[in-house]
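For reference, the structure discussed in these notes is given below.
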Amino acid sequence: MAMFALADCKNFYVSSERLFRPELHGVPVVVLSNNDGCAVSRSDEAKALGVKMGQPYFQLLDLVERQGLIACSSNYALYADLSGRVMRTLSTMAPRIEVYSIDEAFLDLQGIQGDLEQLGREMRSRVLREVGIPVGVGIAPTKTLAKLANWAAKKWPATGGVVDLRDPARQRRLLALAEVGEVWGIGRKISARLNVMGITTALQLADFDRKTLRSMFNVNVERTARELAGELFFALEDGPEPKQMIACTRSFGERKHTLQELQEAVTGYATRAGEKLRGQRQLCQALQVFIRSSPFDQRGEAYSRATCVPLPFPSADTRDLVAAALGGLQAIYRPGPDYAKAGVILMDFVESGRFTQDLFAPTPRPGSERLMAAVDAINAKQGRGTIKPARLAADQGFSMKRERLSPRFTTSWGELLQVKC
DNA sequence: TCTGGGGTCCTAGGACCC
DNA sequence: TCTGGGGTCCTAGGACCC
């Protein structure tokens, strides 16, 4: 019988900040998104104050002043580093692991003898001891149930952070306690429609007629219901599949207006996207570039345009990507709007070095692969942006608002250790 | 004044073909 | 001029996730 554990880091970004700032323990803390835009991670105390996921920072200022809420700018280099440590520790405790996101992983427990709940407790204590991050663990025969078990482990402290949901009777008791919107794969829209149909708990979804679910929603809602009932549909996935699209998009710290400003931004996004693309050893055949004003701006005109630019030949060369992106930008740019965001999305990937050569197609750049490999190596060693397109402004990448960044933090693990010692 | 970024999957509908 | 059904492929948009 299949058996999964879902290990999930508790309030991951906040826990990461607390690791190096003990004074943040026991007080309400949030970590903000890029540009200090909104709260993306909340401590239990912040949740108790009513801070919502994704809530804009400007709406939290009152809590900052009156309730002592502390807001930190995000430090993704730090979180990525800690995530790697958590995952390495977890991977020693099960034969197979699927890293599902920066802060959670499914572990394959099939065939493991002994007390699985005890194993879950060991996962918790080892990650806490070796990395310092608290995790919750849910154990169940399907991924969807393991997710729900993990939700229960977080919700009820008396569980000690581990919930074993192997027993079917226990499954049904928990399903009856969970609102249908808590189920993995059931979001806001679908749970609202389910509620109208009289389905408010996870148990009601698990028991509902499959055909109706499929016809009224889609195949995934049906599968989710069957997974809640113990039928296996979602398997553990090995190694990360190469991405099917790579996006690099940002909101601007301040509104932009001129073509030149947008060219600088788009050049930066195309450059970064190219690095990611080469990281998965693929070439892309098209890219999309978009620019838009803020949907929240009341004044000024709303403007949002995107265009898809095919590349003359499959490429991962920064020069080709930047040229295509700038060409697309030229086509959709118009002076006037207050531009708030832009992005570049790469798509239509093919394996590097394995695409069919069209005799009449333009010739790819000779030596491109070696040049880009050298650029990537230098940037990896000396820091991102050491070598970059000339169009990029010197401060590219740092135009982001990060006013709440802890001054002691660096993105270098070695220096962090020195700070701590 | 101030509202994130990066993904995946599914479906509906149109174009096109036989 | 009128009439049909089915298959495939593509795209845009919606919904979800963290």
Side-chain angles (χ1 to χ4, degrees), chain A residues 6 8-13 30-42 51-62 64 71 73-74 76 79-80 83 98-106 143-144 147 150-151 180-194 213-224 233-234 237 240-255 269 272-273 276-277 280 286 288 290 292-300 304 306-308 310 338 340-349 397 400-404:
Chain A
L6 176 68
D8 178 304
C9 298
K10 202 165 181 247
N11 311 335
F12 180 52
Y13 298 169
V30 294
V31 172
L32 302 173
S33 64
N34 282 337
N35 289 315
D36 293 346
C38 55
V40 292
S41 180
R42 306 159 293 157
V51 178
K52 300 282 177 253
M53 185 67 176
Q55 192 167 2
Y57 178 50
F58 71 88
Q59 291 177 4
L60 302 176
L61 293 175
D62 210 46
V64 171
S73 295
S74 44
Y76 289 103
Y79 311 147
S83 172
E98 174 192 343
V99 176
Y100 180 70
S101 74
I102 192 166
D103 72 341
E104 63 188 292
F106 288 102
K143 281 182 162 182
T144 307
K147 270 280 203 184
N150 186 280
W151 167 80
V180 72
E182 299 293 345
V183 174
W184 188 42
I186 306 297
R188 237 189 26 251
K189 295 276 172 66
I190 289 180
S191 56
R193 287 173 58 195
L194 287 169
L213 289 177
R214 183 163 196 154
S215 64
M216 292 201 60
F217 299 95
N218 57 50
V219 61
N220 259 339
V221 173
E222 181 198 356
R223 284 182 188 151
T224 295
F233 280 91
F234 305 127
E237 287 166 28
E241 295 292 302
K243 308 238 177 289
Q244 296 178 37
M245 52 166 276
I246 288 173
C248 200
T249 72
R250 291 283 182 286
S251 298
F252 306 135
E254 286 169 5
R255 303 283 186 259
Y269 304 151
R272 177 71 191 116
K276 294 187 196 171
L277 180 60
Q280 63 177 31
Q288 184 186 319
F290 73 86
R292 68 167 167 82
S293 57
S294 167
F296 304 105
D297 273 356
Q298 298 303 310
R299 299 167 303 122
S304 175
T307 184
C308 191
D338 297 326
K341 184 172 182 174
V344 171
I345 301 169
L346 309 183
M347 52 188 77
D348 284 355
F349 299 151
M400 210 162 60
K401 245 193 282 180
R402 285 174 102 190
E403 290 168 357
R404 326 284 315 165

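Taking only side-chain nitrogens and oxygens, A/Lys143 never comes nearer than 4.0 Å to OP1 or OP2 of C/dC17. Between A/Arg223 and B/dC9, a side-chain N or O to OP1/OP2 separation shorter than 4.0 Å is absent. Dashed line: the shortest gap from a side-chain N or O of A/Lys189 to OP1 or OP2 of C/dA15 is under 4.0 Å. One finds no side-chain N or O of A/Thr249 lying less than 4.0 angstrom from the OP1 or OP2 phosphate oxygen of B/dG4. Remark: A/Arg188 is not in phosphate contact with C/dG14, judged by side-chain N or O atoms under 4.0 Å from OP1 or OP2. A sub-4.0 Å separation between OP1 or OP2 of C/dC17 and a side-chain N or O of A/Lys147 is absent.
In this structure, A/Lys52 and A/Ala39 approach most closely via the heavy-atom pair O-CB, 4.2 Å. The heavy-atom pair separating A/Phe349 from A/Lys243 by the smallest distance is CD1-O, 3.0 Å. When all heavy atoms of A/Arg255 and A/Ser294 are compared, the closest pair comes out as NH2-CB, 3.6 Å. For A/Ser191 against A/Gly181, the heavy-atom pair with the smallest separation is CB-CA, 3.9 Å.
The local environment of NZ in A/Lys10 is sparse, with at most 12 non-hydrogen atoms from other residues, nucleotides or ligands closer than 6.0 Å.
Comparing A/Cys38 and A/Asn220, the nucleotide of DNA chain B nearest to each residue sits closer to the 5' end for A/Cys38. Of the two residues near DNA chain B, A/Lys243 and A/Phe217, the one whose nearest nucleotide lies more 5' is A/Lys243.
For A/Asn218, the listed nucleotide lying nearest its side chain is B/dC10; candidates were B/dG4, B/dT8, B/dC10. The side chain of A/Gln244 lies closest to B/dC9, out of B/dG4, B/dG7, B/dC9. Between C/dC18, B/dT3, B/dG6, one nucleotide has an atom nearer to the side chain of A/Cys248 than all others, and that is B/dG6. When distances are taken from the side chain of A/Val219 to each of B/dG4, C/dC17, B/dC10, the shortest belongs to B/dC10.
For the helix from B/dG5-C/dC18 to B/dC18-C/dG5, the end axes, each set by the C1' atoms of five terminal pairs, are bent relative to each other by 10° (nearest 10°).
Counting non-hydrogen atoms under 4.0 angstrom, A/Ile102 reaches nothing in the nucleic acid. At the heavy-atom level, A/Leu61 lies nowhere under 4.0 Å from the strands shown. Nucleic acid contact for A/Lys276: sugar-phosphate only, since backbone atoms but no base atoms lie under 4.0 Å from a heavy atom of the residue. The residue A/Val31 sits apart from the nucleic acid: no heavy atom pair falls under 4.0 Å. Contact annotation for A/Asp103: backbone-only contact, meaning every heavy-atom pair under 4.0 Å involves sugar-phosphate atoms and none involves a base. Among the protein residues, A/Ile345 comes within range of no part of the nucleic acid, since none of its heavy atoms lies under 4.0 Å from any strand. A/Glu104 comes within 4.0 angstrom of the backbone, heavy atoms only, and of no base.
Put simply, CZ on A/Phe296 is 4 Å from C1' on B/dT3, counting in whole angstrom units. Residue A/Trp151 contributes atom CH2, which lies 14 Å from atom P of C/dC18 at whole-angstrom precision. One atom, CD of A/Gln59, and another, C1' of B/dC2, lie 9 Å apart when rounded to the nearest Å. Atom CZ in A/Arg255 sits about 5 Å away from atom P in B/dC2, given to the nearest Å. Taking atom CG on A/Leu346 and atom P on B/dG5, their separation rounds to 17 Å, with Å as the unit. Remark: P of B/dC2 and CD of A/Glu254 are 10 Å apart, rounded to the nearest angstrom. A/Met347 has its CE atom 14 Å from the P atom of C/dC10, to the nearest Å. Separating the CD1 atom of A/Ile186 from the P atom of C/dA15 is a distance of 13 Å, rounded to the nearest angstrom.
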Report the C-alpha distance between A/Tyr100 and A/Lys143 in whole Å, list the side-chain angles of each, state the deciding distance to 0.1 Å, and finish with yes or no for side-chain contact (heavy atoms from CB on, under 4.5 Å). CA-CA 11 Å; A/Tyr100 180 70; A/Lys143 281 182 162 182; 5.7 Å; no

Applying side-chain contact (heavy atoms from CB on, under 4.5 Å), run through A/Gln55 and A/Val30 and close with a yes or a no. CA-CA 10 Å; A/Gln55 192 167 2; A/Val30 294; over 6 Å; no

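The aromatic rings of A/Trp184 and A/Phe106 are tilted relative to each other, their planes meeting at an angle between 30° and 60°. Using bins of under 30°, 30° to 60° and over 60° for the plane-to-plane angle, the ring pair A/Tyr269/A/Phe252 lands in the parallel bin.
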